[in-house]
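All values below come from the heavy atoms of this structure, side chains included, with hydrogens, waters and symmetry mates left out.
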Amino acid sequence: MAQVLSLAQMSEQNPAEYLIYMWYLESMVRGLPEDVDFERFLAQAPDELPVLGSLKELLPPLRKAMQEEEIMNAPEKHTAPLSALLEKLETLHKSLLTNEQEQVYEGVYMPLLPAIVEIRKRSGGHTLGEVEAALVALYGYTFLKQQHQETNPATQEIMKKICLWLKVLGEKYMQS
């Protein structure tokens, strides 16, 4: 069996992947708004996931936080810790772009800027930061892949570049 990675470890080691994973869990919780449906789902959930452990341990505290923060019916909103992490990444990203010594970071990011601008335009009226826009696009792309839906080669290429950029951002986050 693969080593179980805690959410805290995932948050520190790969914050972008962590956010996407947690957004997926939030979506799962939102899909089960009634207590009886949620409990039935948990009863049938596997005891262990390949990487992060048990949904039976992960989902109840997440659901409680979402209820307390009154975001169950607001898919564009995320729990306070996730929003705080996203804000840290947005701030770090802006800081890296203004740092003249971060030419590699800028070199990875700048070719993506037109795609990020386009993603932000299509956000349905929501104001997205650059990191959030990339994460939203990657989340959607991941969802399409899970549904075995085809994407065009240009989209696939952009997603690879977004992944690389977010990996570099994640490494910078670990160093900060």
Audit row: Glu130, Arg120, salt bridge (charged side-chain N to carboxylate O under 4.0 Å, His left out) steps and yes/no: CA-CA 8 Å; Glu130 293 174 343; Arg120 291 172 80 183; 3.8 Å; yes

Tyr109 and Tyr105 aromatic ring geometry - parallel, tilted or perpendicular at 30°/60° bounds: parallel

Under-4.0 Å salt bridge between Lys94 and Glu90: no

From CE (Met22) to CG (Leu19), nearest 0.5 Å: 9.0 Å

Atom pair CG/OG1 of Leu144 and Thr155 - distance to nearest 0.5 Å: 9.0 Å

Provide the closest heavy-atom pair for [X] versus [Y] in the form atom of the first, atom of the second, distance.
X	Y	result
Leu42	Lys56	O-CE, 2.9 Å
Ala134	Trp165	CB-CZ3, 3.2 Å
Ser11	Tyr173	O-CE2, 3.9 Å
Glu102	Leu96	CB-O, 3.5 Å

Val117 with Met159, same ILVMFWY side-chain cluster at under 4.5 Å: yes

Hphob cluster co-occupancy, Tyr24 + Ile71, side-chain heavy atoms under 4.5 angstrom: yes

Look at the side chain of [X] and the backbone N and O of [Y], then say whether any donor-acceptor pair between them is shorter than 3.5 Å.
X	Y	result
Glu132	Leu86	no
Ser95	Thr91	no
Glu26	His78	no

Measuring only between side-chain heavy atoms, which start at C-beta, is [X] closer than 4.5 Å to [Y]?
X	Y	result
Tyr21	Thr142	no
Ile116	Leu128	no
Ser27	Tyr139	yes

Residues in side-chain hydrogen bond (donor to acceptor under 3.5 Å, both in side chains) contact with Thr151, at least two apart in sequence or another chain: Gln156

